[in-house]
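Structure, as structure tokens:
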Protein chains: 4
Amino acid sequence: MSGSVNKVILVGNLGADPEVRSLPSGGMVANLRIATSERWRDRNTGEQRERTEWHRVVIFSEGLAKVAQNYLKKGSKVYIEGQLQTRKWEKDGQDQYTTEIVLQGFNSNLTMLDARGEGGGDSMGGGYGGQRQTENRRPSSAPAFEPGGMDDDIPF
Amino acid sequence: MSGSVNKVILVGNLGADPEVRSLPSGGMVANLRIATSERWRDRNTGEQRERTEWHRVVIFSEGLAKVAQNYLKKGSKVYIEGQLQTRKWEKDGQDQYTTEIVLQGFNSNLTMLDARGEGGGDSMGGGYGGQRQTENRRPSSAPAFEPGGMDDDIPF
Amino acid sequence: MSGSVNKVILVGNLGADPEVRSLPSGGMVANLRIATSERWRDRNTGEQRERTEWHRVVIFSEGLAKVAQNYLKKGSKVYIEGQLQTRKWEKDGQDQYTTEIVLQGFNSNLTMLDARGEGGGDSMGGGYGGQRQTENRRPSSAPAFEPGGMDDDIPF
Amino acid sequence: MSGSVNKVILVGNLGADPEVRSLPSGGMVANLRIATSERWRDRNTGEQRERTEWHRVVIFSEGLAKVAQNYLKKGSKVYIEGQLQTRKWEKDGQDQYTTEIVLQGFNSNLTMLDARGEGGGDSMGGGYGGQRQTENRRPSSAPAFEPGGMDDDIPF
DNA sequence: TTTT
DNA sequence: TTTT
């Protein structure tokens with residue numbers, strides 16, 4: 001197939017502490033339960049309504065699994081970027097399917113959104129096992145960044 | 001909870017023609033099966049490997065459902081933006097859960113990526129029932145857009 | 001062209017209070033300055049480095065502009081979804097280009113990420129002028145949502 | 001600051017062949033010009049309108065730069081994921097700012113969307129220098145994937 | 001069941 | 001300067 005994309009972006013809160021397990025192979029896996037909510041006003045009744053969705057997040061990246069283990073807990077707010085994967089398993093001889101958001105490899109992200117002191121403020125990508133970026137590869141000939149304040153005289 | 005985000009972005013191909021149904025309420029629903037694939041080379045064996053993921057997409061937006069009905073078919077490539085939703089149902093008295101990507105309301109998108117002649121090339125947002133944007137609300141005082149060519153003398 | 005997509009997703013903090021203006025046409029515009037930062041360890045020197053990027057966000061959606069006016073202030077953390085637009089203007093007879101993230105129409109989002117009490121926790125889409133969703137259009141035949149707790153007997 | 005996110009997602013077409021340069025340091029950089037378009041019907045006049053936005057994309061990832069060099073050309077359709085960066089430079093003694101979408105490091109992506117025969121169909125992440133994923137790290141205890149067909153008896 |  |  002010409003290229004495809006499979007991406008999930010969540011901002012939500014952990015419904016429980018992370019469950020972290022070591023694997024026989026030496027790796028680590030962390031499982032998170034994340035809630036996202038939406039609120040809206042019902043057009044007919046005019047009453048406030050809310051709906052919460054629960055997501056299963058599985059972190060196979062060792063660096064990110066450690067971040068989860070060390071910094072996340074029930075209630076933590078996180079930004080998550082991963083892929084959808086559905087796996088099959090059996091229960092009482094019946095096929096069951098579970099869909100998860102998998103963080104594994106280069107196109108994953110886990111960023112803590114709580115204020116410092118409430119559990120963190122770091123962000124990490126999945127491809128580097130705990131080290132975000134090993135070098136700024138921007139060529140030295142490139143002009144340095146400079147923000148430009150709100151008061152630059154650019155006409156809004 | 002302070003705000004949350006629940007977003008899925010897919011680029012993939014339809015595994016079958018869309019299934020479109022009319023609802024008693026007068027609305028429409030379209031169901032799509034979309035495949036995303038990834039290929040990689042196994043580190044140990046060196047052999048090429050591939051994995052395909054199948055996604056269930058449900059379109060509750062009438063405008064987008066009509067686009068699906070009129071322009072998409074088996075094999076069509078699409079860009080999809082929606083939300084994750086898991087619903088419960090029963091089978092032989094056992095609870096089953098199915099996770100779908102739902103396109104409904106303002107934060108959904110369906111864009112055809114095939115070249116014209118292969119099934120279309122329009123794009124539509126979910127919130128407008130077939131009409132993307134009714135007006136350019138950019139205030140008239142804002143300077144008009146002008147791209148700037150590749151050959152502008154901006155130092156790459 | 002067959003369909004295209006132009007999307008920016010930011011999570012960052014306001015560098016200043018929002019600037020909100022009323023337009024002659026009766027509409028509103030809000031301008032935000034948002035900072036995103038990344039930190040990494042330099043591969044060569046081993047020292048911690050940081051880089052901050054400043055973004056110009058322009059909100060043409062009246063509902064979202066009001067949210068910005070009423071709930072956001074310097075330091076607020078937000079999730080932003082919009083489009084890239086570059087506009088041209090003049091300064092001393094020279095062409096200048098400014099690139100902004102524009103929130104306008106159905107595919108925009110502004111979600112406050114601060115804890116309640118620090119400035120809010122609502123989320124709104126751009127297409128509805130202050131009302132997120134007017135109805136849950138999920139057909140009544142669809143099974144109701146039910147989360148399934150971390151302790152469901154699904155084998156992690 | 002607690003974590004932030006800076007992400008751009010584009011689907012569009014190249015306005016010109018990629019410009020690829022080698023760096024003194026031995027690296028490579030590719031520059032792309034990408035167009036995204038939107039069409040809508042004017043609410044007042046009823047006429048069809050179109051707007052094209054031009055984006056500057058800079059690829060510092062060597063693997064992705066080679067993909068650009070070898071497979072992309074004027075007209076190619078691509079999916080791009082990168083970060084916003086604004087850099088400053090001078091022209092006639094005046095400060096100029098240019099905003100680019102930078103692909104560098106683990107959270108970048110470049111996926112070709114043309115059908116094979118029109119220029120390719122591979123996809124690559126930025127963090128691996130040409131090799132997407134070296135191993136499927138899903139633990140062997142995890143049940144294998146199996147899609148579930150459209151005709152499974154799940155009630156749509 | 002798609003696609004390459 | 002792309003694409004439809």
Side-chain angles (χ1 to χ4, degrees), chain A residues 1-6 86, chain B residues 10-19 31-40 48-57 71-80 111-124 132 145-152, chain C residues 1-6 86, chain D residues 10-19 31-40 48-57 71-80 111-124 132 145-152:
Chain A
M1 180 191 321
S2 86
S4 57
V5 173
N6 173 358
T86 297
Chain B
L10 300 179
V11 174
N13 295 274
L14 274 69
D17 289 343
E19 293 187 359
N31 286 275
L32 311 179
R33 287 293 270 164
I34 294 185
T36 56
S37 304
E38 40 185 343
R39 249 145 296 134
W40 69 96
Q48 180 81 12
R49 298 192 51 189
E50 171 160 357
R51 192 186 133 85
T52 297
E53 190 72 31
W54 287 96
H55 309 273
R56 297 178 184 277
V57 173
Y71 297 107
L72 300 182
K73 57 177 193 296
K74 182 175 173 174
S76 296
K77 185 183 280 293
V78 290
Y79 171 93
I80 286 280
T111 296
M112 292 179 277
L113 298 178
D114 295 307
R116 274 284 188 200
E118 295 176 56
D122 256 329
S123 160
M124 298 184 43
R132 176 156 192 171
F145 158 81
E146 185 167 303
M150 176 88 94
D151 51 359
D152 286 357
Chain C
M1 179 192 320
S2 85
S4 58
V5 174
N6 172 359
T86 297
Chain D
L10 301 179
V11 174
N13 295 275
L14 273 70
D17 289 344
E19 293 187 359
N31 287 274
L32 312 179
R33 287 293 271 164
I34 294 186
T36 55
S37 303
E38 42 184 342
R39 248 145 295 135
W40 70 94
Q48 180 81 11
R49 298 190 52 187
E50 173 161 356
R51 193 185 133 85
T52 297
E53 191 71 33
W54 286 96
H55 309 271
R56 296 178 184 278
V57 174
Y71 297 107
L72 299 182
K73 58 178 194 294
K74 181 173 171 175
S76 296
K77 183 182 282 293
V78 291
Y79 171 94
I80 287 279
T111 297
M112 291 179 279
L113 298 178
D114 295 307
R116 275 281 188 202
E118 296 177 55
D122 257 329
S123 158
M124 297 183 45
R132 177 162 190 163
F145 158 80
E146 186 167 302
M150 176 88 94
D151 50 358
D152 288 355

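All chains are named by letter (A, B, ...) in the order of the sequence lines, taking the proteins before the strands, and each is independently numbered beginning at 1. Every value quoted in this text rests on a predicted model; they were computed, and no experiment measured them.
Counting atom types as modelled, Thr52(D) pairs a side-chain N or O with a base atom of dT2(F) as donor and acceptor under 3.5 Å. With hydrogens and angles left out, the side chain of Ser4(C) and the base of dT3(F) share no donor-acceptor pair within 3.5 Å.
Distance from the side chain of Asn13(D) is smallest to dT2(F) among dT2(F), dT1(F), dT2(E). Checking dT1(E), dT3(E), dT2(F) against every side-chain atom of Arg33(B), the shortest atom distance belongs to dT1(E). Comparing dT1(E), dT3(E), dT3(F) by their nearest atom to the side chain of Ala16(B) picks out dT1(E).
dT2(F) atom C1' lies 14 Å from atom CG of Leu113(D), rounded to whole Å. Atom CE of Met112(B) and atom P of dT3(E) are 17 Å apart (whole Å). In this entry the distance linking CZ of Arg39(B) with P of dT2(E) reads 15 Å, nearest Å. We find that CD1 of Ile80(D) is positioned 16 Å from C1' of dT3(F), with the value rounded to whole Å. Here the P atom of nucleotide dT3(E) and the CH2 atom of Trp54(B) are 9 Å apart, to the nearest Å. Lys74(D) has its NZ atom 5 Å from the P atom of dT2(F), to the nearest Å. Per the geometry, CD belonging to Glu50(B) stands 12 Å off P belonging to dT2(E), to the nearest Å. What separates NZ of Lys73(B) from P of dT1(E) is a distance of 19 Å, to the nearest Å.
Between the NE2 atom of His55(D) and the CD atom of Glu53(D) there is a distance of 5.0 Å, given to the nearest 0.5 Å. In this structure, the separation between CE on Met112(D) and OG on Ser76(D) is 8.5 Å, given to the nearest 0.5 Å. Taking CG of Asp114(D) as the reference point, atom CG of Leu14(D) lies at 9.0 Å (rounded to 0.5 Å).
When each of Asn13(D), Ile34(D), Val11(D), Val57(D) is tested with Val78(D) by the rule side chain to side chain contact (heavy atoms under 4.5 Å, CB included), just one qualifies, namely Ile34(D).
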